[in-house]
Amino acid sequence: MADLRELLAGPVLEVAPLLLGAAFTHGGVTVRLTEVEAYDGPHDSGSHAFRGRTRRNEVMFGPPGHLYVYFTYGMHHCCNVSCGPEGEPSAVLLRAGEVVDGIETARSRRPGSTDRDLARGPARLCRALSIDLAENGLDLADRLELADPRRFETGPRVGLRHAADRPWRFWLPGEATVSRYVPAKPRVR
DNA sequence: CCTACGATCGTCT
DNA sequence: GACGATCGTAGGT
């Protein structure tokens, strides 16, 4: 198989579906990715990198194959795989997966959850894998085992106010762990 | 099944 | 000072 970093250096819309079915291991738990979203740096008003480089998003500008972790809503972490050539701030958000190894550990991190929901959703996935800001910038070589997704579907991204129309969410058909589509809530007041 | 709401704080303006 | 690439709970159908 070609070098992981080389594969991830391609355009984000080509890299995103490549991650479907991939096994991602961290913190003693392995997840098989079932749903991801593409974020295309400066061309994408939904991207954290749309207004340029900041301290938070600098991993997106670095080499491909590294983890970009951010903290949101005062309580949740979400993680992305940086991709595209160095200097181009694109990334793929890991939205959901199926726990395929270390399930007892994952259960202990999310007490009361059903097995299906352990890594269903970007913040739950980070919780199941014990990922927080300490993992920002982590090199994913040896943690990501790419599969060969023969078939996938695409549709609008979840929960964004801007550029919500772009069909840049990718998922494996028929997977129980794929989130239902929830459009962003309009602001009142 | 579904929709509505609020928690809570780092980041950027 | 405003807002968010979310989630869990509450309550209705």
Side-chain angles (χ1 to χ4, degrees), chain A residues 8 12-13 15-17 19-20 24 31 33-62 64 66-84 88-99 106-138 140 152-171 176-189:
Chain A
L8 298 182
V12 64
L13 292 181
V15 170
L19 292 172
L20 291 173
F24 178 30
V31 152
L33 301 175
T34 57
E35 180 186 5
V36 300
E37 276 177 1
Y39 287 85
D40 187 18
H43 315 291
D44 177 6
S45 59
S47 167
H48 287 169
F50 184 58
R51 294 174 204 286
R53 187 171 187 147
T54 66
R55 187 190 268 90
R56 174 176 67 161
N57 67 21
E58 60 188 8
V59 174
M60 291 179 79
F61 289 80
H66 291 251
L67 205 62
Y68 164 46
V69 184
Y70 68 91
F71 179 69
T72 191
Y73 290 102
M75 65 191 93
H76 298 304
H77 297 276
C78 299
C79 70
N80 301 247
V81 176
S82 67
C83 65
E88 286 188 23
S90 54
V92 178
L93 174 69
L94 307 184
R95 283 203 58 86
E98 173 197 8
V99 175
R107 285 174 182 148
S108 73
R109 290 179 180 144
R110 305 206 54 246
S113 173
T114 62
D115 286 349
R116 175 174 94 150
D117 284 347
L118 284 173
R120 186 192 199 204
R124 295 167 178 164
L125 184 146
C126 281
R127 184 71 179 267
L129 297 178
S130 190
I131 287 171
D132 62 22
L133 288 177
E135 277 72 34
N136 192 35
L138 182 70
L140 294 176
F152 59 87
E153 295 176 350
T154 71
R157 296 180 292 188
V158 174
L160 283 77
R161 287 193 309 155
H162 298 294
D165 53 310
R166 305 189 187 188
W168 288 357
R169 184 165 60 112
F170 300 79
W171 65 90
T177 52
V178 174
S179 61
R180 88 191 151 91
Y181 173 60
V182 182
K185 264 182 296 194
R187 304 265 145 183
V188 190
R189 217 180 90 101

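To find a chain, count down the sequence lines: A is the first, B the second, and so on, and within it residues start at 1.
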Just wondering, are more than 12 heavy atoms of other shown residues or ligands nearer than 6.0 Å to CZ in Arg51(A)?
no
Any donor and acceptor pair, going by atom type alone, linking the side chain of His66(A) with main-chain N or O of Gly137(A) inside 3.5 Å?
yes
Output, in order, the C-alpha distance, side-chain angles, deciding distance and verdict of side-chain contact (heavy atoms from CB on, under 4.5 Å) for Phe24(A) and Leu67(A).
CA-CA 11 Å; Phe24(A) 178 30; Leu67(A) 205 62; 4.2 Å; yes
Could you tell me whether a side-chain N or O of Asn57(A) sits under 3.5 Å from a main-chain N or O of Thr54(A), the two making a donor and an acceptor?
yes
Under a 4.0 Å heavy-atom criterion, the protein footprint on nucleotides 7-13 of chain C, written with B, S and -, is SS-----
Evaluate the criterion side-chain contact (heavy atoms from CB on, under 4.5 Å) for residue pair Val59(A) and Tyr70(A); output intermediate values, then yes/no.
CA-CA 10 Å; Val59(A) 174; Tyr70(A) 68 91; over 6 Å; no
Run through DNA chain C and report every stem of 3 or more consecutive Watson-Crick or G-U pairs, distances under 3.5 Å, ordered by first number.
B:1-7 with C:6-12, B:9-12 with C:1-4
5' to 3' on DNA chain B, which nucleotides open and close the contacts with chain A (atom under 4.0 Å from a heavy atom)?
dT3(B) to dT13(B)
Touch check for Arg56(A), heavy atoms < 4.0 angstrom, all strands: base, sugar-phosphate only, or nothing?
sugar-phosphate
Expected output: side-chain Glu98(A) to main-chain Thr177(A) donor-acceptor under 3.5 Å:
no
Whole angstroms only, please: what is the CZ-P distance between Arg161(A) and dC3(C)?
7 Å
Is there a donor-acceptor pair closer than 3.5 Å between any side-chain N or O of Asp132(A) and the backbone N or O of Ala134(A)?
yes
Heavy-atom pair with the smallest gap, counting every atom of Ala119(A) and Val99(A):
CB-CG2, 4.3 Å
When all nucleic acid strands are considered with a 4.0 Å heavy-atom cut-off, which category describes Leu160(A): base, sugar-phosphate, or nothing?
sugar-phosphate
Which heavy atom of Arg120(A) sits nearest a heavy atom of Ala176(A), and at what distance?
NE-O, 3.5 Å
Numerically ordered, the residues 45-55 of chain A set in heavy-atom contact under 4.0 Å with DNA chain C is Gly46(A), His48(A)
With Asp44(A) via side chain to side chain contact (heavy atoms under 4.5 Å, CB included) - residues at least two apart:
Tyr39(A), Asp40(A), Ser47(A), Arg157(A), Ala163(A), Arg166(A), Trp168(A)
Flag side-chain contact, heavy atom, 4.5 Å: Glu135(A) against Cys79(A):
no
With sequence neighbours excluded, tell me which residues meet side chain to side chain donor-acceptor pair (under 3.5 Å) with Arg169(A).
Glu35(A)
Heavy-atom distance under 4.5 Å between the side chains of Leu93(A) and Asn80(A), does that happen here?
yes
